[in-house]
Asker: 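Input: one structure, supplied below.
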Amino acid sequence: MSADGSDGTGRPHGFARGLTNYGDRDFSLYLRRSFAKSMGYSDAMMARPVVGIVNTFSGFNNCHRTVPELVAAVGRGVIAAGGLPVEFPTVSLGEAFLSPTSLMFRNLMSMDTEEMVRAQPMDAVVLVGGCDKTVPAQLMGAASADIPAVQLVTGPMLTHRRQGERLGACTDCRRFWADYRAGRLTDREVAEVEGNLATTAGTCAVMGTASTMACIAEALGMMLPGTAAIPAVHADRLRAAEATGAQALQTAALGLTPSRIVTPASVENALRVLLAIGGSTNAIIHLTAVAGRLGIPVSLHRLNELSDNTPVLVDLKPSGSGYMEDFFAAGGLGALLRELRPLLHLDCVTVTGETLAERLDRDGDGYVDPSVIRPFDRPVEPVGGLVALFGSLAPGGAILKRSAADNSLFEKEARAVVFTSLEDLAARIDAPDLDVAADDILVLQNAGPKSPSGMPEAGYLPIPKRLAAAGVKDMVRISDARMSGTAFGTIVLHVTPDAAAGGPLAAVRTGDRIRLSVADRRLDLLVEESEVQRRLAESPPAPAAPTRGYAKLYADHVLQADGGVDFDFLVGQGGRSG
Ligand code: FES
């Protein structure tokens with residue numbers, strides 16, 4: 001770095017970027033260098049370009065337990081490539097440790113990421129994330145800050161065995177819990193299961209939201225090729241971290257900002273991948289939010305068009321039978337992209353500067369295990385994993401993960417049994433006198449983005465205990481909530497507008513008839529429109545809105561599911577120099 005902190009092109013780099021404003025640029029640089037020297041940096045190191053490394057380690061985030069060693073490995077890669085690594089903390093979101101739900105804080109983490117990336121002096125950033133909401137938050141923040149960024153994930157857990165049976169969080173968590181509720185498992189047995197579901201560091205072991213978002217980040221081009229599925233505890237994960245650190249410098253040298261990588265075409269590639277992996281329903285919200293930061297709309301109608309001709313090729317839970325470690329061993333995302341090649345936009349550029357075509361050409365005929373990643377003409381399902389539904393009950397759309405559902409329930413007209421809130425659900429779902437039959441449709445209201453609960457993963461309504469004990473395994477369930485990416489069942493989610501925003505869902509009463517038609521992409525409430533409007537006008541007043549802090553910001557600005565549950569003032573501002 002020259003005396004004025006420029007890189008020879010006249011543009012400041014490294015610690016000379018974005019100086020603190022004291023009204024005297026030279027003083028600002030002198031002061032910053034002085035304080036940086038207090039951390040022991042030599043002049044030679046301070047002359048290097050800076051790669052910021054987002055450290056999301058938290059004692060409240062089990063999925064990020066390995067972040068410290070990943071950060072160290074990224075740092076090694078940065079130094080080896082001639083840069084200066086500087087780690088810094090942001091918000092970290094551990095899925096099972098947040099109340100009322102992690103999604104409520106995703107936008108907070110994205111704002112933290114965006115502002116700290118923009119405000120601090122770095123030429124590029126490595127985003128180290130993993131758990132469900134962290135990767136979308138980081139991609140959203142990076143898109144808005146729009147400096148060169150490379151995503152690195154912590155990677156999935158390995159499975160373990162109990163009595164010879166392979167277990168992994170968290171599809172199996174739900175299966176065993178359902179067995180326990182139905183009386184098929186004792187207290188002692190469920191306690192033993194509890195200790196064997198999540199036995200290594202890393203994110204959930206199936207194609208849940210975390211792994212879906214990792215695959216989407218790679219499909220978008222925001223991650224080093226081949227790194228989405230490496231298990232958290234595999235040594236390759238550390239080598240990937242080292243390579244990611246080195247890559248960040250090259251990405252900066254190429255001037256490849258997120259707005260050049262995340263484009264309408266790469267977003268469509270990511271949607272194809274989401275459909276082909278039978279990925280999490282949450283990912284459609286997150287991808288909408290990431291793309292939305294760059295002004296790229298994600299249409300649920302377009303999702304349906306893509307879903308009609310994108311087969312599910314990956315045989316993993318919750319849609320199929322394998323785990324993420326099987327996906328990695330089978331060839332990982334690269335093998336899937338090769339199968340999907342005819343459907344992809346191949347001119348999309350990745351953080352490496354390569355196009356997708358160049359990446360796939362370089363892979364050549366790489367290894368693939370066809371029992372896990374099926375050939376295009378021998379799919380797990382002939383159509384995509386997700387489908388959007390529209391109709392009088394969901395004018396703005398709703399989502400069904402058909403690859404993890406019982407298709408015998410796809411065409412159905414039945415009676416609604418309504419729960420007006422999460423509290424009402426908890427109070428009555430197992431009541432012995434609950435008037436419910438296996439053929440009914442369970443409806444949950446007031447669990448959407450505008451509700452006080454902030455759209456939790458409560459859409460996987462439990463089967464009422466009496467029915468579960470009688471052997472009922474699945475029912476149609478409809479709500480404005482989300483569902484864990486690891487869950488399964490005939491579950492209609494993200495009903496938009498949500499009940500708290502005055503959507504038709506709020507007008508459903510027990511005894512109403514609802515018609516679901518997956519074939520027609522329809523979800524209809526069979527009640528006269530005038531009666532729906534009368535009921536909505538009579539709805540009880542909304543609970544008092546928060547008056548301060550982040551809860552108020554959330555309540556005042558959160559968008560519906562079709563807007564990615566982002567804040568209205570954050571959409572469409574990315575890609576501009578901050
Ligand atoms: Fe973090 Fe599942 S709890 S990925």
Side-chain angles (χ1 to χ4, degrees), residues 54-68 70 90-106 109 127-139 151-160 167-177 193-218 223 227-234 237 274 277-283 285-287 316-319 322-325 327-328 401 404 455-460 482-488:
V54 181
N55 185 340
T56 50
F57 174 80
S58 162
F60 291 108
N61 193 343
N62 59 293
C63 301
H64 289 206
R65 178 151 64 90
T66 54
V67 165
L70 289 173
T90 67
V91 168
S92 185
L93 303 174
E95 188 60 27
F97 292 89
L98 287 154
S99 175
T101 180
S102 62
L103 180 63
M104 189 175 266
F105 303 102
R106 182 202 61 181
M109 182 174 175
L127 308 157
V128 185
C131 195
D132 289 11
K133 307 304 176 295
T134 62
V135 171
Q138 291 181 324
L139 291 174
Q151 182 77 57
L152 175 72
V153 293
T154 55
M157 296 177 195
L158 295 182
T159 55
H160 184 53
L167 302 186
C170 218
T171 304
D172 297 325
C173 314
R174 295 168 203 289
R175 180 165 58 83
F176 280 106
W177 190 250
V193 168
E194 182 184 289
N196 286 286
L197 285 167
T199 53
T200 76
T203 51
C204 286
V206 298
M207 191 56 87
T209 305
S211 288
T212 301
M213 288 310 302
C215 291
I216 280 181
E218 186 175 331
M223 184 188 284
T227 61
I230 305 168
V233 296
H234 195 299
R237 176 57 61 200
L274 169 61
I277 60 179
S280 165
T281 47
N282 285 315
I285 288 178
H286 298 320
L287 186 58
L316 293 193
K317 294 184 181 201
S319 297
Y323 294 85
M324 282 304 291
E325 65 200 53
F327 183 54
F328 175 61
K401 186 172 182 174
M455 205 182 187
E457 291 184 340
Y460 181 76
R482 295 176 301 116
M483 172 174 89
S484 165
T486 62
F488 48 89

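Whatever order the structure lists them in is the order used to number ligands and atoms, beginning at 1. No experiment lies behind these values; they were computed from the predicted model shown.
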Asker: Side chains of Leu70 and Arg237: does their closest heavy-atom pair fall under 4.5 Å?
Answerer: yes

Asker: Any side-chain heavy atom of Leu98 within less than 4.5 Å of one from Phe105?
Answerer: yes

Asker: Tell me, which protein N/O/S atoms are under 2.8 Å away from atom 2 (Fe) of ligand 1?
Answerer: Cys204 SG

Asker: Answer yes or no: is there a donor N or O on one side and an acceptor on the other, between the side chain of Thr209 and the main chain of Ser280, under 3.5 Å?
Answerer: no

Asker: Strictly distance-based, threshold 3.5 Å: is any side-chain N or O of Gln151 a donor or acceptor partner for the main-chain N or O of Ala217?
Answerer: no

Asker: With side-chain contact (heavy atoms from CB on, under 4.5 Å) as the test, would you mind laying out the steps for Val67 and Thr154 before giving the verdict?
Answerer: CA-CA 7 Å; Val67 165; Thr154 55; 3.7 Å; yes

Asker: As a test of understanding, state which of Asn55, Thr56, Val128 forms a side-chain contact (heavy atoms from CB on, under 4.5 Å) with His64.
Answerer: Thr56

